[in-house]
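In what follows, a single structure is set out as structure tokens and then discussed.
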Amino acid sequence: MDHMEDRTELNELMAVRREKLQDLLDLGIDPFGEKFVRTHAAQEILDNFEDLEEQETVIAGRIMSMRTHGKASFADLMDHTGRIQLYFRADTLGEELYNLMQKLDIGDIVGIQGRIFRTRRGEISVEVQAVKLLSKSLRPLPDKWHGLKDVDLRYRQRYVDLIVNPGVREVFEMRSKIIQSLRNFLIAKGYIEVETPMLNVIAGGANARPFTTHHNALDMDLYLRIAPELYLKRLLVGGFDRVFEIGKNFRNEGISTKHNPEYTSCELYMAYGDANDMMELTEEIFAHIAKEVVGSTKITFQGQEIDLTPPWPRKPMLEAIKEFSGVDLTGLNDEEARAKAKEKGITVEPNASYANVVEEFFDAFVEPKLIQPIFITDHPVEVSPLAKRKKDDPTLTDRFEPFIVTWEVANGFTELNDPIDQEQRFRQQVEQRDQGDDEAHMMDEDYIRALEYGMPPAGGLGLGIDRMVMLFTDSPSIRDVLLFPHMRPRAEK
RNA sequence: GAGCCAUUAGCUCAGUCGGUAGAGCACCGGACUUUUAAUCCGGGUGUCCCGCGUUCGAGUCGCGGAUGGCUCACCA
């Protein structure tokens with residue numbers, strides 16, 4: 001490959017680096033290195049200096065800054081654990097090698113063999129005895145002090161963001177720990193991890209617009225899944241007792257600080273359980289992860305202390321509405337409900353149903369107030385087509401949504417296992433669909449058939465992993481917890 | 001999809017009343033053998049997001065567009 005190609009399109013800073021690259025090639029030095037065996041990580045040396053002082057070490061990483069002083073120079077080397085200072089001496093390296101080292105650029109990845117010591121100013125450092133260039137950097141990094149702030153560039157070029165903004169990697173390390181903690185917790189509770197299709201013939205399990213795609217060999221359109229729910233419950237029919245799946249869902253909807261078109265959920269199902277079990281499990285999960293990842297069930301989000309210690313209060317949706325809006329919507333018909341909405345200045349569709357009005361009231365008066373963890377329970381049956389009706393009120397369901405910092409962080413219920421009721425609910429959804437609600441459920445005959453074979457009573461829970469990570473990492477935007485959030489493609493500068 | 005705001009050097013930003021573009025870091029050359037936002041001397045590297053318009057003259061004013069952020073709407 002000709003490393004000098006496209007030279008005319010490069011700015012001066014990049015042109016200079018290409019020249020240095022060519023100089024290295026001319027000297028017979030491979031600028032892109034090879035396998036390199038390290039003995040330590042930067043942080044390891046800093047943490048164990050007492051034992052390691054005056055010992056030899058082999059480390060590798062990216063040069064983040066350089067301070068040259070004639071015949072002696074300092075540089076900061078960054079690896080995946082942190083930064084450590086390098087000390088170059090002409091005496092140690094010899095003039096020739098020392099001068100070559102002066103040609104290193106910020107951003108170059110090097111392997112170092114050297115002696116661990118502490119400088120006069122007290123900084124733990126490595127005096128370099130041998131250097132191997134592992135990767136020449138051909139683009140300048142952003143300002144060492146201000147870093148990369150342009151959020152557009154941070155998301156589009158996350159690799160640069162990760163190099164220069166130290167907090168970013170921590171967020172994603174925490175994300176990994178949170179998911180690992182959740183997975184271990186569920187496995188310890190007897191849940192089996194499964195994978196179900198993301199390419200669906202019917203997109204079910206939620207009210208959402210799906211993405212469509214096409215299978216060429218079968219010449220058929222498919223949907224990307226909007227939820228794994230209906231597949232997971234088929235597994236309960238098949239005899240699995242407790243299952244969970246962590247994975248992506250795809251919803252063809254707006255993008256915001258809390259929504260990305262593809263997002264990660266954890267859904268789990270417990271045969272012979274109910275919504276109550278799921279609420280207790282939700283509390284346990286949040287408390288467990290908080291303890292493992294943050295070290296306490298009290299966490300801070302955007303300056304507010306959030307106490308995740310179980311148990312969390314529970315409040316039926318209609319009671320919450322009554323409490324925060326002063327309006328009791330219990331037992332009203334559609335028309336009466338719409339009248340109440342008008343009274344309180346809530347705009348609803350002219351033909352809005354009772355359930356629609358309840359949702360609008362909830363969103364307007366209740367949701368913004370729910371800072372500390374709370375379970376909102378007993379959702380109207382019309383907006384909960386997969387949940388079992390309450391024994392004492394068939395217009396409501398045995399469902400709950402936990403709210404924290406005004407976000408709905410999960411959704412769970414006692415699963416509807418009556419195939420006849422389920423079929424009616426689907427028919428209702430299809431009717432809404434026919435009336436233009438393209439987020440209503442599609443009819444899923446096979447799911448009905450599965451229920452007809454018999455599904456044990458069960459509790460189910462869906463957790464929004466991204467929001468959970470936002471909460472635990474104190475991140476106000478979902479983009480901060482997604483390595484590559486969805487962005488509109490843009491022409492190269 | 002609507003409203004508000006932003007876009008100037010590789011990065012972070014300034015740019016007055018409309019008069020022809022600036023700082024710090026980075027980079028290039030030089031000095032300097034324990035510095036650490038090293039220091040000192042010298043060097044400004046640019047499609048001022050794009051287009052059209054007003055004007056003798058536009059980074060600056062007007063209109064249109066692009067991209068992004070925030071808020072709202074939909075959703076988890």
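Proteins come first, then strands; the chains are lettered A, B, ... in the order of their sequence lines, and each starts at number 1.
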Counting Watson-Crick and G-U wobble pairs only, both distances under 3.5 Å, name the nucleotide matched with B/U20, or none.
-> none
Considering just the side-chain nitrogens and oxygens of A/R156, establish if one lies under 4.0 Å of OP1 or OP2 belonging to B/G68.
-> yes
Within a reach of under 6.0 Å around CD of A/E195, are more than 12 heavy atoms found that belong to other residues, nucleotides or ligands?
-> no
If you look at every strand shown and take non-hydrogen atoms under 4.0 Å, does A/D438 touch a base, only sugar-phosphate, or nothing?
-> nothing
N/O donor to acceptor pairs below 3.5 angstrom from side-chain atoms of residues 400-407 of chain A, sequence neighbours left out:
{"residue": "A/E401", "atom": "OE1", "partner": "A/H379", "partner atom": "NE2", "Å": "2.9"}
{"residue": "A/E401", "atom": "OE2", "partner": "A/R399", "partner atom": "NH2", "Å": "3.3"}

Give a yes/no answer on whether the side chain of A/K258 brings an N or O atom under 4.0 Å of OP1 or OP2 in B/U71.
-> no
OP1 or OP2 of B/A26 under 4.0 Å from side-chain N/O of A/K144 | yes
OP1, OP2 of B/U36 versus side-chain N and O of A/R83: anything below 4.0 Å?
-> no
Just checking A/L148: base, sugar-phosphate only, or nothing, at a heavy-atom cut-off of under 4.0 Å?
-> sugar-phosphate
Gap in Å between the two C1' atoms, one belonging to B/C27 and one to B/C11, rounded = 12 Å
OP1 or OP2 of B/U36 sitting under 4.0 Å from any side-chain N/O of A/R121?
-> yes
Using purine N1 to pyrimidine N3 plus N6-O4 or O6-N4 for Watson-Crick, or N1-O2 and O6-N3 for G-U wobble, each under 3.5 Å, what pairs with B/G1?
-> B/C72
How many angstroms lie between atom CG of A/D438 and atom CG of A/N207, to the nearest 0.5 angstrom?
-> 10.5 Å
Identify whether any heavy atom of A/R154 sits under 4.0 Å from a base atom; if not, whether one sits that close to sugar-phosphate; answer base, sugar-phosphate or nothing.
-> nothing
A/W407 stacking on B/A76: centroids under 5.5 Å, ring planes under 30°?
-> no
Given the C1' atoms of B/U12 and B/C17, what is the spacing between them in whole Å?
-> 28 Å
Rounding to the closest angstrom, what is the interatomic distance between B/G22 and B/G46 at atom C1'?
-> 11 Å
Could a donor-acceptor pair under 3.5 angstrom be found where the side chain of A/R67 meets the base of B/U35?
-> yes
For A/L104 and A/M66, the nearest pair of non-hydrogen atoms, with its separation, is O-CE, 2.7 Å
Looking across every strand, which nucleic acid part, if any, lies under 4.0 Å from A/T68 by heavy atom: base, sugar-phosphate, or nothing?
-> base
Closest to the A/E253 side chain, choosing from B/U35, B/A76, B/G10 | B/A76
A/G462 near the nucleic acid: base, sugar-phosphate alone, or nothing, with a heavy-atom cut-off under 4.0 Å?
-> nothing
Heavy-atom donor-acceptor pair, A/D143 side-chain to B/G10 base, under 3.5 Å = no
Could a donor-acceptor pair under 3.5 angstrom be found where the side chain of A/E123 meets the base of B/U34?
-> no
Determine which nucleotide pairs with B/U34, using a 3.5 Å limit on both distances of a Watson-Crick or G-U wobble pair.
-> none
For the side chain of A/S125, counting heavy atoms from C-beta on, which of B/U12, B/U35, B/U33 is nearest?
-> B/U35
Using the closest heavy atom to pick a nucleotide of RNA chain B for each, name whichever of A/E401 or A/P140 lands nearer the 5' end.
-> A/P140
Is A/R234 close enough and on-axis enough to A/Y231, meaning under 6.0 Å and within 45°, for cation-pi?
-> yes
side-chain N/O A/R118 vs B/U36 OP1/OP2, d < 4.0 Å | no
Contact under 4.0 Å: A/R467 side-chain N or O vs B/A76 OP1/OP2 = no
The Watson-Crick or G-U wobble partner of B/G46, with both key distances under 3.5 Å, is none
Flag if over 12 foreign heavy atoms under 6.0 Å of CD, A/Q302 = yes
Describe the nucleic acid contact of A/E439 in one word from base, sugar-phosphate, nothing, applying a heavy-atom distance below 4.0 Å.
-> sugar-phosphate
Base, sugar-phosphate alone, or nothing: which one does A/N249 contact when heavy atoms must sit under 4.0 Å apart?
-> nothing
Hey, can you tell me if A/Y87 and A/F74 have their rings parallel, tilted or perpendicular (30° and 60° cut-offs)?
-> parallel
Base B/U33 to side chain A/D91, donor-acceptor N/O within 3.5 Å cut-off | yes
Nearest to the side chain of A/L153, which nucleotide is it out of B/C11, B/C28, B/U36?
-> B/C11
